[in-house]
Chemist: 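This is the structure I have questions about; it appears just below.
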Amino acid sequence: QVQLVESGGGLVQAGGSLRLSCAASGLTFTTYPMGWFRQAPGKEREFVGVIMWSSGITYYSDSVKGRFTISRDNAKNTVYLQMNSLKSEDTAVYYCARARYRYYNRNDYPKALNEYDFWGQGTQVTVSS
């Protein structure tokens, strides 16, 4: 059974930190880019960041750059999203996803929803101000 399972969400005060985890099972994970997205109430799901599988290079949206860090542990089939200096506008359901394709041109990366084919169920992050 193919699964991506996020965990680590919760309630945190503004300025605080959380680390989300995304555990993969039943699918090839280590040789694909893995992305994080989020969806706030009444808004569309948006790209947060991605980690490329071969280089380990990460890319982030401008709204989280410098505050969020993505990492991966291939031995554990797990991807992480470390979130620091959280703001109320970071409140959302956070999703991890596996990219549809393994290879991208230099400096290119999957950022659109339809560039991902497997998704987790999401984990709620609430930042209180």
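Bear in mind the structure is a predicted one, so any value in this text is a computation, not a measurement.
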Chemist: Within 45° of the axis and under 6.0 Å from the centre of the six-membered ring of Trp119, does NZ or CZ of Arg45 qualify?
Modeler: yes
Chemist: Do Arg72 and Tyr80 meet the cation-pi criteria used here (NZ or CZ under 6.0 Å from the six-membered ring centre, within 45° of the axis)?
Modeler: no
Chemist: What closest approach, in Å, do Met52 and Asp108 show between heavy atoms, and which atom pair accounts for it?
Modeler: CE-O, 3.9 Å
Chemist: Are Val93 and Leu113 connected in the hydrophobic side-chain network, where two residues link if heavy atoms are under 4.5 Å apart?
Modeler: yes
Chemist: For Tyr60 versus Phe47, what's the shortest heavy-atom pair and its separation?
Modeler: C-CE2, 4.2 Å
Chemist: Please check this pair: side chain of Thr78 against backbone of Lys76, looking for a donor-acceptor N/O pair closer than 3.5 Å.
Modeler: yes
Chemist: Quick check on the hydrophobic clustering: are Ile51 and Tyr95 connected, directly or via other members, by side-chain heavy-atom contacts under 4.5 Å?
Modeler: no
Chemist: About how many Å separate CG of Asn74 and CE of Met34, when rounded to the nearest 0.5 Å?
Modeler: 10.0 Å
Chemist: Distance check, rounded to the nearest 0.5 Å: Leu18 atom CG versus Leu81 atom CG?
Modeler: 9.5 Å
Chemist: If we only count heavy atoms from C-beta on, is the Arg67 to Met83 side-chain gap below 4.5 Å?
Modeler: no
Chemist: Heavy atoms, side chains only, cut-off 4.5 Å: are Trp36 and Ile70 in contact?
Modeler: yes
Chemist: For Asp117 versus Ala99, what's the shortest heavy-atom pair and its separation?
Modeler: OD1-O, 3.6 Å
Chemist: Atom CZ in Phe68, atom OG in Ser17: separation rounded to 0.5 Å?
Modeler: 9.5 Å
Chemist: Show the numbers, then the answer: is there a side chain to side chain contact (heavy atoms under 4.5 Å, CB included) between Gln121 and Val5?
Modeler: CA-CA 7 Å; Gln121 84 291 345; Val5 179; 4.2 Å; yes
Chemist: Without swapping roles, check the side chain of Thr91 against the backbone of Thr126 for a donor-acceptor pair under 3.5 Å.
Modeler: no
Chemist: Going from OH on Tyr116 to SG on Cys96, what distance comes out if it is rounded to the nearest 0.5 angstrom?
Modeler: 11.0 Å
Chemist: Shortest non-hydrogen contact from Pro33 to Val50?
Modeler: CB-CG2, 3.9 Å
Chemist: Nearest 0.5 Å, please: how far is OG1 in Thr30 from CG in Asp73?
Modeler: 11.5 Å
Chemist: Is Lys65 salt-bridged to Asp62, going by a charged N under 4.0 Å from an acidic O?
Modeler: yes
Chemist: So, taking the atom named CG in Leu20 and the one named OG in Ser7, what distance separates them when rounded to the nearest 0.5 Å?
Modeler: 7.5 Å
Chemist: Tell me if a side-chain donor or acceptor on Glu6 pairs with a main-chain N or O of Cys22 at a distance below 3.5 Å.
Modeler: no
Chemist: Considering non-hydrogen atoms only, spot the tightest contact between Leu11 and Ser128 and give its length.
Modeler: CD1-CB, 4.3 Å
Chemist: Closest approach of Ser63 and Arg38, non-hydrogen atoms and distance?
Modeler: OG-NH2, 3.4 Å
Chemist: What about Phe118 and Tyr32, are their ring centers closer than 6.0 Å?
Modeler: no
Chemist: Is there side-chain contact between Tyr101 and Glu115, with at least one heavy-atom pair below 4.5 Å?
Modeler: no
Chemist: State yes or no: are the ring centers of Tyr109 and Tyr59 separated by less than 6.0 Å?
Modeler: yes
